[in-house]
Protein chains: 2
Amino acid sequence: MRAPRKTAAEKPGTPARGPRSRIQQRNRQIILDAALEVFSTHGFRGATLDQIASEAGLSKPNLLYYFDSKDAIHRDLLTRLLDTWLDPLRMLDADGEPQAEIMAYMRRKLEMSRDYPRESRLFANEILQGAPRIEHFIRNDLRALVTEKAQLLAGWSQAGRIAPVDPYHLIFSIWALTQHYADFAAQIGMIRGDSHDPLDGAEVFLEQLYTRLLAP
Amino acid sequence: MRAPRKTAAEKPGTPARGPRSRIQQRNRQIILDAALEVFSTHGFRGATLDQIASEAGLSKPNLLYYFDSKDAIHRDLLTRLLDTWLDPLRMLDADGEPQAEIMAYMRRKLEMSRDYPRESRLFANEILQGAPRIEHFIRNDLRALVTEKAQLLAGWSQAGRIAPVDPYHLIFSIWALTQHYADFAAQIGMIRGDSHDPLDGAEVFLEQLYTRLLAP
DNA sequence: ATCAAGTTTGACCATCCAGTCAAGAACCAA
DNA sequence: TTGGTTCTTGACTGGATGGTCAAACTTGAT
């Protein structure tokens, strides 16, 4: 009776599956959205359940009716995030035109900073703290994907299809440049004026940068 | 008797000045160093006085003999950091050779990521949270400096001495690319292997990048 | 050696906060 | 309408944490 719809498939640790009532689905979504807002700006320890509850317009015990713990909410957010975090890089196509592929990857990452800045900050917070909760993801999934794509990039370099560049630093540079617009948005806003869109001009600049960097 | 050497010059808010005993100087330094370690990885809320005390090898009440509060330690760290945070950009010389000046600025920032990664992460944490404690610094000091240097860069662009680039995004790109190696060091380490120096190859890559970007 | 000032700490307090619980309210199928 | 299920919450608990304090210890100038 503690957790709703407790079925065999919903053991703790197993992501909750199966059908949920409309109220369940709606409130879980509201809670996750509120929690994303709070966790992404205050970090895990800095966030309180009361803050999240207030942001969600629900009572604190009510949150804990839908999620087992503060940690469970955070874990859920991270899990959903990581599921899609790799997609842009995964789409880098070995059969495509090298420059266009890299440019498209950069554009996809920039879009993520524009459309999901809170997710980016949640991730940044996690890395800053030493990535304690996603270490396995980085060491396994992310590492494997980066290694694979770095080899692809290295191949393009050696074939003279792009300039000879260190493929790892090329990937890191795309992460750094695109995520900066989400993670440091507060700073950029204060410098350029808060009404100014932080990403204004970013795409043109980054296209210019990578066009010049990659030209063979 | 609560605070040591309480003189008129040491009102709260005023940075403590005047002579301090050797023990004072030594222990304040030890505390600040321990606090930097803890704050930079766990953030302000995530850090506890017990953690800092343990890291410093002192008792918790002893910390509070040297600093009025947890907040005061954090404020002290930030103040010291901001004092030097602007220096690399400030040194960008209007009378120098444009490309060499920008390259030297990039190198100075990269050096800071190498030599002071904890300070970089402390700063990053603060910005992620919306920069509540350093808003005035960013809106005033940093904003003025960036505006000034952006005009300098714009002048160089218009004079054809460097390629025509958006000066603000040029500055942001240097921040993003250099600070990434400090702020996301954990991720880089997990991908490239923890024994590998995260900054290995970074300087060469960034020189290549900015050489190609800035060539008129 | 002496003693006043500076330094250290065990014990303590007040608050905050994650999580519990039992009772009540809303919902829905029959 | 009825009765069981799902949802909601006020009141509470235990532990963590920032901060206090008085007493004890150390230091150094005389």
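Here is how names work: the chains are called A, B, and so on, in the same order as the sequence lines, proteins then strands, and each is numbered from 1.
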Any non-hydrogen side-chain atom of [X] less than 4.5 Å from a side-chain atom of [Y]?
X: B/L128; Y: A/T41; value: no
X: A/R114; Y: A/Y181; value: no
X: B/L64; Y: B/L49; value: yes

[atom1] of [X] versus [atom2] of [N]: gap in Å, rounded?
X: A/I73; N: C/dC17; atom1: CD1; atom2: C1'; answer: 14 Å
X: A/R28; N: D/dC7; atom1: CZ; atom2: P; answer: 11 Å
X: A/Q51; N: C/dC16; atom1: CD; atom2: P; answer: 13 Å
X: A/N62; N: C/dA23; atom1: CG; atom2: C1'; answer: 15 Å
X: B/Y66; N: D/dG19; atom1: OH; atom2: P; answer: 18 Å

Ring-face cation of B/R28 near B/F67 (centre distance under 6.0 Å, axis angle within 45°):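 Ring-cation test returns yes.
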
Over-ring placement of B/R133 relative to B/F44, 6.0 Å and 45° cut-offs: yes

Is the shortest side-chain N/O distance from [X] to OP1 or OP2 of [N] below 4.0 Å?
X: A/N27; N: D/dT8; answer: yes
X: A/Q24; N: D/dT6; answer: no
X: A/Y65; N: C/dG19; answer: no

Nearest non-hydrogen partners of B/L92 and B/K149, listed with the distance: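 It is O-NZ, 2.8 Å.
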
Centroid separation A/W85 to A/F123 less than 6.0 Å: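 Yes, the ring of A/W85 comes within the 6.0 Å limit of the ring of A/F123, centre to centre.
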
Could you list all N or O pairs between the protein and nucleotides 12-18 of chain D that sit under 3.5 Å apart?
unit_1: D/dT17; atom_1: OP1; unit_2: A/R45; atom_2: NH2; d: 3.3
unit_1: D/dG18; atom_1: OP1; unit_2: B/A47; atom_2: O; d: 3.3
unit_1: D/dG18; atom_1: OP1; unit_2: B/K70; atom_2: NZ; d: 3.1
unit_1: D/dG18; atom_1: OP2; unit_2: B/L49; atom_2: N; d: 2.8
unit_1: D/dG18; atom_1: N7; unit_2: B/K60; atom_2: NZ; d: 3.0

Salt bridge B/R75-B/D68, side-chain N to carboxylate O under 4.0 Å: no

Near-strand residues of residues 29-37 of chain B, defined as heavy-atom separation under 4.0 angstrom from DNA chain C: none

Over 12 non-hydrogen atoms of neighbours within 6.0 angstrom of OH in A/Y116: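 For A/Y116, atom OH is not crowded (no more than 12 foreign heavy atoms under 6.0 Å).
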
